[in-house]
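The next block holds one structure in the form of structure tokens; read it before the comments.
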Amino acid sequence: MPELPEVEVVRRGLERWTAGRTVAAVTTLHPRAIRRHANGPADFASLLTGRTLAAARRRGKYLWVPLDDEQHALVGHLGMSGQLLIQPPDAEDETHLRIRISFTDGGTELRFVDQRTFGGLAVEPLVDDGAAGLVPHSVAHIARDPLDPLFDDRAFLTALRAKRTGVKRALLDQTLISGVGNIYADESLWRAKLHGEHPADRITKPRATTLLDAARAVMTEALAVGGTSFDSLYVNVNGQSGYFSRALNAYGQAGQPCPRCQTAIQRIAFMNRSSYFCPRCQPLPRRRDAQRGVGQ
DNA sequence: CATAGATCCTGTATGC
DNA sequence: TGCATACAGGATCTAT
């Protein structure tokens with residue numbers, strides 16, 4: 001599913017294929033795809049039509065394209081199955097085509113395709129976000145991602161170690177650190193040899209630092225691989241191609257030997273989904289009394 | 001306020 | 001063959 005590296009690949013495709021082009025028409029085929037847009041499909045189309053698109057930007061799993069009115073941006077989130085495709089106008093409609101955006105040059109269209117409709121597009125006002133400049137309203141409330149040069153490592157480590165919850169849940173909290181989803185959370189925890197249910201407020205500073213380094217490394221490596229896989233007329237988007245070629249150490253590997261110690265990777269239920277981990281490399285710490293005060 | 005759990009959605013895979 | 005169930009899982013809403 002699209003997490004930070006996959007979304008970054010999409011951003012690059014968008015930047016390449018839509019920057020500088022002017023919107024001719026917008027068709028919303030499924031209202032749910034713009035449920036985040038405040039005033040419905042007609043307003044969505046009217047705010048976009050005639051606008052020229054700037055270079056796409058990204059924070060975490062959010063994408064946005066500033067408009068030339070300098071007050072709004074087209075914001076996108078892929079959810080779990082969303083795709084942004086660049087297609088010739090005469091290409092047959094995809095089964096799950098939700099939104100079509102055509103351009104005044106008569107060239108390729110931008111299509112939002114989404115089977116499960118957890119993703120969507122919206123036009124939002126830009127708001128001031130300090131050093132980051134102007135960002136869309138819905139982006140302002142999430143944290144920077146670890147590949148952002150302005151990501152504040154120290155602030156993150158402090159906030160993480162103040163959370164009274166399991167470390168995996170904290171990693172998935174987009175207001176602490178953005179861009180990490182279920183797959184990269186499991187991979188990061190495996191690398192850092194931490195159990196996902198390890199209480200966040202009982203992780204020592206060095207181990208928390210190791211975890212952040214692991215998250216950054218795994219997403220950087222995935223981006224390097226995912227970036228190789230799109231062809232000219234098809235802005236790859238759901239990350240599937242990159243995803244399959246990636247080497248996963250824990251995620252989805254239930255029953256497979258841990259690449260470090262050969263113990264079988266275990267799957268457990270977590271937040272209506274799954275967590276994968278090595279029970280030997282990533283043991284759950286003992287009860288709090290034994291550890292109280294350690295690492296403080 | 002912080003945290004935990006339910007919910008949205010649809011296609012695919014599996015079990016009986 | 002057909003039906004039921006589990007699963008995939010981001011973000012958000014509701015409950016505690």
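Quantities reported herein were computed from a predicted structural model and do not represent experimental measurements. To find a chain, count down the sequence lines: A is the first, B the second, and so on, and within it residues start at 1.
If you take CG of A:L63 and P of C:dA11, they are 12 Å apart, rounded to a whole angstrom. For the pair A:L171 CG and C:dA11 P, the interatomic distance rounds to 14 Å; values are reported in whole Å. In this structure, CG of A:N182 is placed 12 Å from C1' of C:dC7, rounded to the nearest angstrom. For A:D145 and C:dG10, the CG to P distance is 15 Å, given to the nearest whole Å. For A:L4 and C:dA11, the CG to P distance is 11 Å, given to the nearest whole Å. In this entry the distance linking CD1 of A:I183 with P of C:dA8 reads 11 Å, nearest Å. Straight-line distance from the CD1 atom of A:I177 to the C1' atom of C:dG10: 16 Å, rounded to whole Å. The nearest whole Å value for the distance from the OH atom in A:Y184 to the C1' atom in C:dG10 is 15 Å.
Partners of A:Q174 according to the side-chain contact (heavy atoms from CB on, under 4.5 Å) rule, which considers only residues two or more places apart in sequence or in another chain, are A:K61, A:I142, A:S178. Listed by chain and number, the residues in a side chain to side chain donor-acceptor pair (under 3.5 Å) with A:R169 amount to none (sequence neighbours excluded). In this structure, the ring-ring contact (aromatic ring centres under 6.0 Å, His included) partners of A:F151, at least two apart in sequence or on a different chain, are A:F156. Under the salt bridge (Lys or Arg N to Asp or Glu O under 4.0 Å) criterion, A:D105 pairs with A:R21, not counting sequence neighbours. Under the side-chain contact (heavy atoms from CB on, under 4.5 Å) criterion, A:A132 pairs with A:R59, A:D129, A:V135, A:R144, not counting sequence neighbours. For the salt bridge (Lys or Arg N to Asp or Glu O under 4.0 Å) test, residues two or more places apart in sequence or in another chain that qualify with A:K168 are A:D186. Here A:H72 pairs with nothing under the ring-ring contact (aromatic ring centres under 6.0 Å, His included) rule; sequence neighbours left out.
Nearest-nucleotide assignment on DNA chain C puts the 5′-proximal partner with A:R267, out of A:R267 and A:Q174. Closest-nucleotide positions on DNA chain B for A:G166 and A:N272 were compared, and the one nearer the 5' end corresponds to A:G166.
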N/O contacts under 3.5 Å, protein versus nucleotides 12-16 of chain C?
unit_1	atom_1	unit_2	atom_2	d
C:dT12	OP1	A:R36	NH1	3.1

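At least one donor-acceptor pair under 3.5 Å links the side chain of A:R11 to the backbone N or O of A:A56.
No side-chain donor from either of A:Q87 and A:T108 sits under 3.5 Å from a side-chain acceptor of the other.
Residues in residues 72-94 of chain A take part in these salt bridge (charged side-chain N to carboxylate O under 4.0 Å, His left out) pairs, two or more places apart or across chains: A:D93-A:R100, A:E94-A:R111. Applying the side-chain hydrogen bond (donor to acceptor under 3.5 Å, both in side chains) definition to pairs two or more places apart or across chains, those involving residues 260-271 of chain A are A:R267-A:S274.
The cluster map of Ile, Leu, Val, Met, Phe, Trp and Tyr, joined by side-chain heavy atoms under 4.5 Å apart, puts A:L29 and A:L85 in the same cluster.
Protein chain A contacts DNA chain B from B:dT3 to B:dG11, reading 5' to 3' and using non-hydrogen atoms of the protein with a distance under 4.0 Å.
A donor N or O paired with an acceptor N or O is found under 3.5 Å between the base of C:dG10 and the side-chain atoms of A:R273.
Rounded to 10 degrees, the angle separating the terminal axes of the helix from B:dA2-C:dT16 to B:dC16-C:dG2 is 50°, with each axis obtained from five end pairs.
Proximity of A:H77 to the phosphate of C:dA11: a side-chain N or O atom is located under 4.0 Å from OP1 or OP2.
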